[in-house]
Amino acid sequence: MVDIHCHILPGVDDGAKSWEVATEMCRMAVSDGITHIVATPHANEQYVYHREEHAARLQELQKAAGEWPVLNLGCDFHFSFDNVQDALKTPERYSISGTPYLLVEFSDFGVSRYIHDTIYRLRAQGIVPIVTHPERNRMLQSHPESVLAFAEQGCVVQVTASSFTGNFGSGARKAAEWLLKHDAVHVIASDAHDTEHRPPVLSAGRDAVAKIVGSDIARALVEDNPAAIVAGEALPYVPAPVSR
Ligand SMILES: [Fe+2]
């Protein structure tokens with residue numbers, strides 16, 4: 001499996017607190033069947049985002065982890081005005097290494113016309129936004145139907161694996177299942193931060209998804225689609241979202 005959202009870089013944000021934790025997260029991921037991880041440090045107002053330093057740390061972590069999992073660099077991109085302006089100028093500073101894919105996290109405030117206009121500008125520049133965990137966003141959780149518009153604009157929708165197992169509460173689980181049943185989920189990812197509370201595990205979420213929509217779609221969400229993202233290719237599984 002391929003995990004495209006993971007706070008595994010040691011000591012850079014609210015993710016892995018130490019090198020020991022980071023290497024243990026690598027081991028846990030491998031034993032869960034994860035072969036590739038995209039390290040996604042936050043790019044927000046709370047943490048310093050320094051791409052070159054993160055890239056150097058990623059190389060160190062790869063050395064410490066050994067051959068597996070294979071590590072790539074992306075970022076957990078907060079959808080703020082300043083961030084978006086910078087990403088339009090230098091997308092490679094934020095995107096998943098060497099690809100057009102960019103994780104974007106919306107704030108809990110309402111979805112304004114500004115967001116859709118900005119998505120349009122990003123798309124026009126060849127960037128493919130990946131909307132992260134809409135099921136945990138307070139506004140989108142209560143209006144999951146508004147996520148369909150992002151999918152229709154060509155965004156990828158990423159739901160957190162453990163939302164399907166109820167770890168983020170019943171509201172997130174309900175919204176995640178709603179999106180899944182409406183063909184508006186393209187990828188599930190761990191959004192792991194540690195080895196205990198938010199571990200790098202995808203299998204439980206995959207199995208929960210399989211019970212709802214079958215194992216072929218579940219596999220696409222943890223293998224085929226995220227592997228294509230890391231390779232910079234078009235998604236092989238693109239369900240058309242439906243309002244029903
Ligand atoms: Fe995250």
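Numbering of ligands and ligand atoms starts at 1, following listing order. From a predicted model like this one, the values you see are computed outputs, not experimental measurements.
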Can you label the angle between the His42 ring and the Tyr47 ring as parallel, tilted or perpendicular, going by 30° and 60°? parallel
Parallel, tilted or perpendicular: which describes the rings of Phe79 and Phe77, with under 30° parallel and over 60° perpendicular? perpendicular
Everything protein-side that's N, O or S and under 2.8 Å from the Fe ion (ligand 1): list it, residue and atom. His5 NE2, His7 NE2, Asp76 OD2, Asp191 OD1
In short, His186 meets Pro239 closest at the heavy-atom pair CD2-CD, 3.6 Å
Salt bridge present between Arg198 and Asp191 (N-O < 4.0 angstrom): yes
For this output row, return yes or no: ring centroids of Phe168 and His133 closer than 6.0 angstrom. no
Would you please indicate if the ring centroids of Tyr101 and Tyr94 are separated by under 6.0 Å? no
